[in-house]
Amino acid sequence: MANTKEERVFNPSRDFSKSAHIAGMEEYRDLHKRSLADPESFWRKLSDEFEWHKQWTILRKWDPPRCRWFEDGELNITVNCLDRHVLAGKGDKVAYYWEGEPGDRRSITYKELLSSVCQTANGLKSLGLEKGDRVIIYMPMVVETVVAMLACARLGLVHSVIFGGFSSDAIRDRVLDASARCVITSDGGWRRGKIIPLKSNVDQAVSNNGCPSVEHVIVLNRCENTIQMTPNRDVWWHDLLSEQATTCEPVMVPAEHPLYILYTSGTTGKPKGVVHATGGYMVYTATTSKIVFDLRDDDVYWCTADVGWVTGHSYIVYGILANCASSVMYEGAPDHPDFGRLWKIVQDYKVTVFYTAPTAIRAFIKWGDSWPNNYNLSTLRLIGTVGEPINPDVWNWYRRIIGGNKCPIVDTWWQTETGGIMITPIPGATPTKPGSATLPFFGVDAEILREDGSVADTDERGLLVIKQPWPSMIRGIYKDGWGEPGHDGEFGEQDRFHETYFGKFPGVYLAGDAATRDSDGYFWVIGRIDDVLNVSGHRIGTAEVESSLVSHEAVAEAAVIGVPDELTGEAVAAFVTLKSNYNAGDELQETLRQHVAKTIGAFVRPKILRFTASLPKTRSGKIMRRLLREIAMGGEIQGDTTTLEDINALVDLQKQEE
Ligand code: PRX
């Protein structure tokens, strides 16, 4: 899609601002200033809305990279997401309107959700699981996935959700890293009319002593799929719960107790287990949910992300439930049975707030305006995006066709590591510019720095950093900056954690994104500065794809880069050299693409895969990715190539292009 230069500024409508939580720029600027100058009183007021078992007295301790918030406070997050609302008389409010892909529907109230969570927590307790134990959740988009997460939190267990699109190898890596005692999965989940075999993926990962830490596998019957149950290890969800009481005393934990680990891609082949702590995460995700989505009692909110990603954790589960909001949850694909599925859901449930990813919007545009135009979307009052930069044309289409020219758009910039939204318009206040995530949220001290640490000029490209700690920031990388949870949260080796985020500018959080800031102070995020790709809003390290390729017997060496793609934002392009007894050809090309899909997940399957006699490297042995990118995109090779070790490699690659 062409990227038209867009100079227009869109002000929130007077109607919207009138009743918004933050009604204008003056209020935003004043609060933002206060949140940085006097964080203690700012966060005290917000945290007082929650139920603390023991009130905190110490706001934060900041000894970079180690950060603690509300350290001496104690709480249980499920009390705040569930019991608190039920006690306040809101138990009959719907927590989730759920729709399965085949069309089955269910709604669950806060009272019912609390009972299910307690019952499931009792089931987990009956298996002998204890505070601090890690539990893997590998489930489809069903209500029980949220129940499983909250049941863990009820007991102080640390959940680690794995996106259902990951393969068995990826599951094994994560289970092993987390030393999980229990895996919660399902016999399958529906996707485009087919069953995704979640349980058999788990079997492949953990059977034959693949993951010795796993003692229990709990299996939800979602699809009546035929599966194998391993005696003494596997138990059906309904059997485990059948005898359990529907009340369960919450286990109170210190505010810094780890709530979850979520694996995300970094620059090495091994995904990072991002650790989030309970108290700060709760306060921050609840506050951002309320302000950024301007949540009010009668809203029907819908975030289309999968709970397997951080967006789902913060803005389908914790932040949203903490506000006692009603959400829609949909199991399946947006194009099943036709391209109108999402719009039919908006119409049927009268959705008022809609949050999705630019990659999805690009697909909607491709499918044609008639699909959304056929449905009544007039209930929408606020729409948002997350996950990647949105180009102005896509932003304008979203505003016009989905937002009916009236809804403010919140383009929210944040990361797995930040836990919550960091740079975003405040919908009733911030004038928006298409393509800009605009201004920092309260408590966020964002800046653009040059390589030498000095502040970049207006419109000068630099590195996006956050200069003060915020409540939901990453506490460590599991087993690499964070010790065994449940054992006083001791830190192990800080190396990877410290180096990745605080190594470049001491005491300053390096986001890993390039960005500019304009004369109004608006942030424009360009993309990653490291070897991390963003494919359809999913983060994937080039090193992970490279390790997958070289794990195939035919491959000697592989180099992976990202190339721009109209639909997915970036696409994976791989350059492969083969071992001597293997021949390049269409069949092997397909085999290798499949191999990546099988070992990581289908969403990372390389779009481009080329064979080459050798890879272009500098004299010091570094692969010249810039050259590969130019070759993959079919452009002219520019710039200095004199440090090339083997110019023939480049020539060979170019020949293939012709
Ligand atoms: O490059 C930025 C991009 O997504 C990265 C974070 O990916 P992940 O940890 O998977 O979290 C995605 C969902 C929060 C960032 O480093 N990104 C995220 N949101 C935006 C964005 N880039 C531009 N604009 C955004 N709104």
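Just follow the structure's listing: the first ligand is 1, and inside any ligand the first atom is 1. Numbering of residues begins at 1 and proceeds along the displayed sequence.
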Hey, do the aromatic rings of [X] and [Y] have their centres closer than 6.0 Å?
{"X": "Trp470", "Y": "Tyr281", "answer": "no"}
{"X": "Tyr330", "Y": "Trp98", "answer": "no"}
{"X": "Phe10", "Y": "Trp395", "answer": "yes"}
{"X": "His313", "Y": "Tyr318", "answer": "no"}
{"X": "Tyr28", "Y": "Phe442", "answer": "yes"}

Considering the heavy atoms of [X], write down every atom of ligand 1 situated less than 4.0 Å from one of them.
{"X": "Val386", "value": "13 (C), 14 (C)"}
{"X": "Asn534", "value": "3 (C), 4 (O)"}
{"X": "Val525", "value": "22 (N), 23 (C)"}
{"X": "Thr416", "value": "8 (P), 9 (O), 10 (O), 11 (O)"}
{"X": "Asp513", "value": "1 (O), 2 (C), 15 (C), 16 (O)"}

field: Rounded distance [0.5 Å steps], CZ in Arg29 versus CG in Leu31
entry: 12.5 Å

Specify the protein heavy atom at minimum distance from [atom]: its residue, its atom name, and the distance to 0.1 Å.
{"atom": "atom 6 (C) of ligand 1", "value": "Trp414 O, 3.7 Å"}
{"atom": "atom 13 (C) of ligand 1", "value": "Thr311 OG1, 3.5 Å"}
{"atom": "atom 4 (O) of ligand 1", "value": "Gly387 O, 3.2 Å"}
{"atom": "atom 7 (O) of ligand 1", "value": "Arg539 CD, 3.4 Å"}

- prompt: Can you check whether Arg528 has an N/O within less than 3.5 Å of an N/O in ligand 1?
  reply: yes

- line: The option among His313, Glu417, Glu388, His538 carrying the non-hydrogen atom nearest to atom 25 (C) of ligand 1 is Glu388

task: Indicate, as side chain, backbone, both or neither, the part of Pro389 found under 4.0 angstrom from ligand 1 when only non-hydrogen atoms are considered.
output: both

- request: Between Gln415 and ligand 1, find which residue part has any heavy-atom pair under 4.0 Å and reply side chain, backbone, both or neither.
  value: both

- prompt: Quick one: do the Thr412 and Thr424 side chains pair a donor with an acceptor below 3.5 Å?
  reply: no

SB check Arg68 Glu256 (cutoff 4.0 Å): no

task: Identify whether NZ of Lys or CZ of Arg in Lys406 sits under 6.0 Å from the centre of the six-membered ring of Phe16 and within 45° of that ring's axis.
output: no

